[in-house]
Amino acid sequence: MRRSEEQAQLQLIERDEADEEEDCFEAIDKLISQGINAGDIKKLQDAGIYTCNGLMMHTKKSLTGIKGLSEAKVDKICEAAEKLVNFGYVTGSEMLLKRKSVVKITTGSQALDDLLGGGIETLSITEAFGEFSRPDRIVPIAERFGMDAGAVLDNIIYARAYTYEHQYNLLLGLAAKMSEEPFRLLVSPPHIPNVYVPDFTTILDSVIALFRVDFSGRGELAERQQKLAQMLSRLIKIAEEFNVAVYMTNQVIADPGGGMFISDPKKPAGGHVLAHASTIRLMLRKGKGEQRVCKMFDAPNLPEAEAISLLPLFYCYTFQHSAFQSPYFYFL
C-alpha cells in the first residue's frame, strides 16, 4: 500500500493543451535558410548561443563582441532570427497559451507539492535557503522509489565550479547540451497518465557561495552584485529558452536588524539582486528528528504557508525526476 502511495507521488501535473511534437526553441542552424553562412553560426555556437531564441536574448553590443562578427553581420543575423521567432507583442490569449507549456514537477512530497501549487515550475527560478544540512542520499532515495540506483546515478550530469567565472562558463556549455538532445519526454508508466517530463533541470548549489569567496568586503560588493545579476539573468534565459526548471540553493546570513523579538533573525544572502530574480523563494529549517519544515517565503501567486516533509525538498525532487530516466545538470 505504501509503495503504491509513493508511486502516486511521482505524478506530474498533466498538460492538457500542449503541443506534443513542437520544440519550444528554434535551433541556430535554421539561420542558414535565411542566408546566414555556416561560419558565422559556428562563431555564435562557440560563444554559447545555440538557438534563435537565445540569440534574441543578447544585446547587439554583446554580439559584436564576438570575434569575427561586425555590426553589419550582427544586424543581418538578428533580422534573420526575427523571421523565425516572435519576440514582439502578443495577445493575452497567446500569452495564456504559452503559460500552458509550464510543467510542474513533483517534489515527491504531497505536502510540498501543495505548498508549491503542484510542484516546481519550469520557465522560472525556484530558490531554497536555510542552514547547512546535506546528507548523501542518492542511493537510499532511489531505492525508496523502487528505482535502479545505478541508472539514477547514470542520469546525473555533474560539474563542480571552483570560481564564479568557472560557474558562468559551465552555464554557457549547458545551453549546448540542451540544444543537442531532446529536453521533453512523453511517458506513460503504470498508474501515471501521459505527462511531459523535462529531460533537463538545472540545479545550482549554491548560487552565492563562490561569489562570497571571490569577492570580499564592501569595496567589491557592487561588482559582486553586478556579476551575480549577470549569472541570474543567464539562468532566467535558460529557463525560458528551453522550458526547464531552475532550482537553486542559497545560504543565509545573520540579520543584525532582526531584533530580539524575532525568533529566527536570519535572511537569505544575495540581497535584492537575488530576491528579484527568484520566482519562488522557500525557507527550509530543521524540524523534529528527520523532519524538514519548508515555508513559502515569497511567491507572486501563492499564499504564505508551511509544509513538513520527512525528506529535504532538494532530495525528494532530485530523485523523483531521475525516476523517469531524465538527466539534469547539477552544479556543486
Side-chain angles (χ1 to χ4, degrees), residues 22-90 94-95 98 101 123-125 157 159 161-183 200 202 204 207 210-211 214-215 220 222-244 246 273-274 276-277 329 331:
E22 183 181 3
D23 286 333
C24 67
F25 64 86
E26 298 289 344
I28 200 75
D29 295 338
K30 291 187 178 181
L31 288 178
I32 294 177
S33 64
Q34 302 295 321
I36 306 301
N37 67 63
D40 290 336
I41 290 176
K42 180 64 167 57
K43 293 170 185 174
L44 292 171
Q45 291 174 331
D46 291 342
I49 302 171
Y50 290 84
T51 71
C52 295
N53 308 62
L55 173 69
M56 298 303 294
M57 294 176 182
H58 285 73
T59 63
K60 290 187 177 181
K61 179 181 179 181
S62 67
L63 292 174
T64 54
I66 299 173
K67 186 177 181 180
L69 295 184
S70 63
E71 286 189 22
K73 280 188 175 182
V74 167
D75 288 338
K76 184 179 178 181
I77 290 171
C78 290
E79 288 175 6
E82 288 173 355
K83 296 177 181 178
L84 297 175
V85 294
N86 179 21
F87 265 64
Y89 291 105
V90 296
E94 290 172 324
M95 192 63 203
K98 181 180 178 181
S101 68
L123 290 178
S124 62
I125 293 179
I157 301 175
Y162 291 92
T163 67
Y164 80 93
E165 293 171 330
H166 184 202
Q167 194 172 55
Y168 187 81
N169 290 335
L170 287 171
L171 281 178
L172 297 179
L174 180 60
K177 189 72 175 174
M178 290 185 174
S179 65
E180 291 170 358
E181 299 183 17
F183 61 93
F200 288 91
T202 304
L204 189 59
V207 66
L210 294 174
F211 287 92
D214 296 340
F215 297 91
E220 296 184 337
E223 183 183 2
R224 187 196 81 169
Q225 292 301 90
Q226 183 182 45
K227 297 296 184 182
L228 176 61
Q230 291 171 353
M231 180 170 294
L232 292 169
S233 175
R234 182 60 185 156
L235 282 171
I236 293 171
K237 290 174 182 176
I238 286 175
E240 296 185 357
E241 185 177 354
F242 298 104
N243 190 19
V244 296
V246 175
V273 168
L274 190 51
H276 287 300
F329 199 88
F331 291 111

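Just so you know, residue 1 is the first one in the sequence shown, and it goes up from there.
- Considering only residues two or more places apart in sequence or on other chains, Q45 meets the side chain to side chain donor-acceptor pair (under 3.5 Å) condition with D29.
- G54 approaches I49 most closely through the heavy-atom pair C-CG2, 4.3 Å.
- Looking at residues two or more places apart in sequence or on another chain, you find no side chain to side chain donor-acceptor pair (under 3.5 Å) involving N86.
- Annotation: side chain to side chain contact (heavy atoms under 4.5 Å, CB included) contacts of A239 (sequence neighbours excluded): V246.
- Taking CG from D214 and CD from E223, the interatomic distance works out to 10.5 Å, rounded to the nearest 0.5 Å.
- Closest approach of C52 to A27, counting heavy atoms only: SG-O, 3.6 Å.
- Residues passing the ring-ring contact (aromatic ring centres under 6.0 Å, His included) test with Y164, sequence neighbours excluded: F211, F215.
- Here NZ of K30 is found 12.0 Å from CD1 of I41. Values are rounded to the nearest 0.5 Å.
- When all heavy atoms of V207 and Q167 are compared, the closest pair comes out as O-OE1, 4.2 Å.
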Show me the donor-acceptor pairs, under 3.5 Å and distance only, between side chains in residues 68-77 and residues at least two apart or in other chains.
from	atom 1	to	atom 2	distance (Å)
S70	OG	K73	N	3.3
K73	NZ	D40	OD1	3.3
D75	OD1	K60	NZ	3.0

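- Side chains of R234 and L172 form a contact here, defined as non-hydrogen atoms less than 4.5 Å apart.
- Contacts of T64 classified as side chain to side chain donor-acceptor pair (under 3.5 Å), with partners at least two apart in sequence or in another chain: none.
- Rounded to the nearest 0.5 Å, atoms CE (M57) and OG (S62) are 13.0 Å apart.
- Scanning for side chain to side chain contact (heavy atoms under 4.5 Å, CB included) contacts around E82 gives M56, with sequence neighbours left out.
- The two residues E26 and V85 come nearest to each other via the heavy atoms CG-CG1, 3.6 Å.
- Contacts of K237 classified as salt bridge (Lys or Arg N to Asp or Glu O under 4.0 Å), with partners at least two apart in sequence or in another chain: none.
- The nearest pair of heavy atoms linking A161 to L170 is CB-CD1, 4.0 Å.
- Taking OH of Y168 as the reference point, atom CG of L235 lies at 9.5 Å (rounded to 0.5 Å).
- With values rounded to the nearest 0.5 angstrom, T51 atom OG1 is found 3.0 Å from E241 atom CD.
- By the side chain to side chain donor-acceptor pair (under 3.5 Å) test, K42 is found to be paired with D46, residues two or more places apart in sequence or in another chain being considered.
- Atoms CD1 and NZ, from I66 and K43 in turn, are 10.0 Å apart once rounded to the nearest 0.5 Å.
- Applying the side chain to side chain contact (heavy atoms under 4.5 Å, CB included) rule to A80 yields the partners L31, Q34, I36; only residues at least two apart in sequence or on another chain are considered.
- When all heavy atoms are compared, the tightest approach of A277 to I236 is O-CD1, 4.0 Å.
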